[in-house]
Asker: 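If you scroll down you'll find the structure; I have some questions about it.
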Amino acid sequence: MLTHPLLPKLKELRLSGMVDTLDERAQLAQLQRLTPVDFLALLLDDEIDRRRQKKQARLERSAGFVEGLKVLPDFDFAAVPTLDRSLVLDMATCQFIHKKQNWLLCGPTGVGKSHLATAMGYEAIKRSLTVLSMDVATMITELYRGRADGGREKRMKELVRCDLLILDDFGLRPLSEQGADDIYEIIHARYERGSIIVTSNRSPAEWPDLFGNALLASAALDRLTHHARITIITGESYRQKHRRQGRPSATPPGDAYSPVGSEGAPASE
């Protein structure tokens, strides 16, 4: 294949999307007798697509998804029949992020809370929104270490400034006094400025006790649940169900879970 004379100039301008498809588009232009404007439009589309893909890959890397990249088409709605599919699809439009609202996902282990949270993060990235995903224990540890090495302020800015912050496994481990303060500071700083998705194995009724300080808990949770949608997912762990491979089911862990609130009901709109 002959090298097109425009190639060196495109490389100099760092238009690698055009570089990759130039010869192919030039042949297509000849075969279809495209006008110069149509030919240029094809090349510009290629460059835009390349830049969009590159940006999306960068946003995915910086998001730091806790359990890797999990997308909504892979979510097994049949495994959690109590989950309102229309609600999830509505959240996947990411309008709640533009409105600076939160989504709180509660339920027993293995019902897909983390998968849904990551999938919402991926949907946000597809819309060029910035996402940061961390499990709560890791976040608190990083902020604790940041106090010693001087990195706390930078990390805190990242946690506050992203469009969507995903906090996984809230309440899985006890919060230290400093950890509770960090959680409050993040919620306070993001209130009506950025969205938060929280996943938790604990019922919302148990959340105040995690802070070990009634006043701090009230201030934090009042902000977190305002403009928030609370979704309670009940059912049996998908992993445990899969492990049994069709053997008779034991009592599902969801039966022992006592949720407060209603499926998909906004705490306050």
Asker: In terms of hydrophobic clusters joined by side-chain contacts under 4.5 Å, are M120 and V71 together?
Answerer: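 M120 clusters together with V71.
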Asker: Given 3.5 Å as the limit, does a donor-acceptor pair link the side chain of D163 with the main chain of T130, or not?
Answerer: yes
Asker: Between side-chain atoms of residues 57-65 and protein atoms elsewhere (two or more places apart, or another chain), which donor-acceptor pairs fall under 3.5 Å?
Answerer:
{"from": "E60", "atom 1": "OE2", "to": "Q56", "atom 2": "NE2", "distance (Å)": "3.3"}
{"from": "S62", "atom 1": "OG", "to": "R58", "atom 2": "O", "distance (Å)": "3.2"}
{"from": "S62", "atom 1": "OG", "to": "L59", "atom 2": "O", "distance (Å)": "3.1"}

Asker: When you measure from the side chain of S200 to the backbone of C106, do you find a donor-acceptor pair of N or O atoms at a distance under 3.5 Å?
Answerer: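 No; judged by distance alone, with no hydrogens or angles, the pair does not exist.
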Asker: Per the ring pair (Phe, Tyr, Trp, His ring centres under 6.0 Å) rule, what does the pair list look like for residues 192-221, sequence neighbours excluded?
Answerer: F170-W207
Asker: Between L104 and T231, does the side chain to side chain contact (heavy atoms under 4.5 Å, CB included) criterion hold? Intermediate values first, please.
Answerer: CA-CA 6 Å; L104 315 180; T231 299; over 6 Å; no
Asker: With a 3.5 Å distance limit and no angle check, can you tell me whether S218 reaches the backbone of A214 through a side-chain donor-acceptor pair?
Answerer: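 Not at all, since once roles are kept as given, no pair shorter than 3.5 Å links the two residues.
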Asker: Of the non-hydrogen atoms in I233 and P108, which two are nearest, and what is the gap between them?
Answerer: O-CD, 3.2 Å
Asker: Is there a side-chain contact between R190 and L165, using heavy atoms and a 4.5 Å cut-off?
Answerer: yes
Asker: Do L22 and L34 share a hydrophobic cluster (ILVMFWY, side-chain heavy atoms under 4.5 Å, transitive)?
Answerer: no
Asker: Measuring from atom SG of C162 to atom NZ of K157, what distance do you get when rounded to the nearest 0.5 angstrom?
Answerer: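 NZ of K157 is found 14.5 Å from SG of C162.
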Asker: Are L43 and L13 connected into the same hydrophobic cluster when the rule is that any two of I, L, V, M, F, W, Y join if their side-chain heavy atoms are below 4.5 Å apart?
Answerer: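 Yes, L13 connects to L43 through the hydrophobic network.
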Asker: Quick check: does any side chain N or O of Q101 sit under 3.5 Å from a backbone N or O of A228, one acting as donor and the other as acceptor?
Answerer: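 No, Q101 side chain to A228 backbone: no donor-acceptor pair under 3.5 Å.
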Asker: Please work out which of the three classes, parallel, tilted or perpendicular, describes the rings of F75 and F77, given edges at 30° and 60°.
Answerer: perpendicular
Asker: So, taking the atom named NE2 in H227 and the one named OG in S195, what distance separates them when rounded to the nearest 0.5 Å?
Answerer: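 Those atoms lie 11.0 Å apart.
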Asker: Under 4.5 Å between any side-chain heavy atoms of R52 and I48, yes or no?
Answerer: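 Yes, close enough: below the 4.5 Å cut-off.
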Asker: Taking side chain as C-beta onward, heavy atoms only, is L210 less than 4.5 Å from E206?
Answerer: no
Asker: What are the two closest non-hydrogen atoms of A217 and P208, and how far apart are they?
Answerer: CB-O, 3.5 Å
Asker: Taking a hydrophobic cluster as the set of Ile, Leu, Val, Met, Phe, Trp and Tyr residues connected by side-chain heavy atoms closer than 4.5 Å, whether directly or through intermediates, do L116 and L89 fall within one such cluster?
Answerer: yes
Asker: Does any pair with a residue in residues 134-160 pass ring pair (Phe, Tyr, Trp, His ring centres under 6.0 Å), and if so which ones, sequence neighbours excluded?
Answerer: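 Of all non-adjacent pairs touching residues 134-160, none passes ring pair (Phe, Tyr, Trp, His ring centres under 6.0 Å).
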Asker: Who pairs with Y122 by ring pair (Phe, Tyr, Trp, His ring centres under 6.0 Å), at least two apart in sequence or on another chain?
Answerer: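 Y122 satisfies ring pair (Phe, Tyr, Trp, His ring centres under 6.0 Å) with no residue once adjacent residues are dropped.
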Asker: Step through the shown structure and confirm whether more than 12 heavy atoms of other residues, nucleotides or ligands are within 6.0 Å of CD on E177.
Answerer: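 12 or below, so no.
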Asker: Does atom CZ of R161 have more than 12 heavy-atom neighbours from other groups under 6.0 Å away?
Answerer: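 Counting other residues, nucleotides and ligands, CZ of R161 stays at 12 neighbours or fewer.
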Asker: State, yes or no, whether a side-chain contact exists between R152 and D182 at a heavy-atom distance under 4.5 Å.
Answerer: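 Counting from C-beta outward, R152 and D182 do come under 4.5 Å.
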Asker: Could you report the tightest heavy-atom contact between G121 and L164, atom names first, then the distance?
Answerer: CA-CD2, 4.0 Å
Asker: Could you pull out all residues at least two apart from K126 that satisfy side-chain hydrogen bond (donor to acceptor under 3.5 Å, both in side chains)?
Answerer: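 Per chain and number, K126 pairs via side-chain hydrogen bond (donor to acceptor under 3.5 Å, both in side chains) with E123.
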Asker: Going through the distances and angles, do L143 and L159 end up as a side chain to side chain contact (heavy atoms under 4.5 Å, CB included)?
Answerer: CA-CA 10 Å; L143 292 173; L159 291 164; 4.1 Å; yes
Asker: Can you confirm whether T35 sits close enough to D38 that some side-chain heavy atom of one is under 4.5 Å from a side-chain heavy atom of the other?
Answerer: yes
Asker: Considering residues, nucleotides and ligands other than R173, do more than 12 of their heavy atoms fall under 6.0 Å from its CZ?
Answerer: no
Asker: Measure across R50 and R14 and return the closest heavy-atom pair with its distance rounded to 0.1 Å.
Answerer: NH2-O, 4.2 Å
Asker: Hey, are the side chains of R229 and M91 touching, using non-hydrogen atoms and a 4.5 Å cut-off?
Answerer: yes
Asker: What's the separation between atom NE2 in H226 and atom CG in L224, rounded to the nearest 0.5 Å?
Answerer: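 Answer for the NE2-CG pair, H226 versus L224, is 12.0 Å.
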Asker: Working to the nearest 0.5 angstrom, can you tell me the gap between K70 NZ and L72 CG?
Answerer: 13.0 Å
Asker: Checking salt bridge (charged side-chain N to carboxylate O under 4.0 Å, His left out) for the pair E142/R155: CA distance, chi angles, key distance, verdict?
Answerer: CA-CA 8 Å; E142 285 192 3; R155 193 52 163 166; 2.9 Å; yes
Asker: Identify whether I186 and Y191 are in the same connected component of the hydrophobic contact network (ILVMFWY, side-chain heavy atoms under 4.5 Å).
Answerer: no
Asker: With side chain to side chain contact (heavy atoms under 4.5 Å, CB included) as the test, would you mind laying out the steps for L83 and V111 before giving the verdict?
Answerer: CA-CA 10 Å; L83 181 62; V111 293; over 6 Å; no
Asker: So how far is it from T109 OG1 to L172 CG, rounded to the nearest 0.5 Å?
Answerer: 7.5 Å
Asker: Would you check if there is a donor-acceptor pair between the side chains of T21 and D46 at a distance under 3.5 Å?
Answerer: yes
Asker: What distance separates I196 CD1 from N102 CG, expressed to the nearest 0.5 Å?
Answerer: 5.0 Å
Asker: Is there a side-chain contact between L167 and I197 (heavy atoms, below 4.5 Å)?
Answerer: no
Asker: Which heavy atom of T93 sits nearest to which heavy atom of D90, and what is that distance?
Answerer: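 The pair with the smallest heavy-atom distance is OG1-O, 2.6 Å.
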Asker: E12: which residues meet the side chain to side chain contact (heavy atoms under 4.5 Å, CB included) condition with it, sequence neighbours left out?
Answerer: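 Testing E12 for side chain to side chain contact (heavy atoms under 4.5 Å, CB included), a comparison that skips the adjacent residues, returns none.
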Asker: Within a strict 4.5 Å, meaning less than it, do heavy atoms of the Q178 and I140 side chains meet?
Answerer: no
Asker: Which pair of heavy atoms, one from I166 and one from A117, lies closest together, and at what distance?
Answerer: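 Scanning both residues, the minimum pair turns out to be CD1-O, 3.2 Å.
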Asker: Out of T199, D168, N201, which residue meets the side chain to side chain donor-acceptor pair (under 3.5 Å) rule with K113?
Answerer: N201
Asker: For a side chain to side chain contact (heavy atoms under 4.5 Å, CB included) check, start with the C-alpha distance between L44 and M18, then their side-chain angles and the critical distance, and finish with the verdict.
Answerer: CA-CA 7 Å; L44 289 173; M18 292 185 178; 3.2 Å; yes
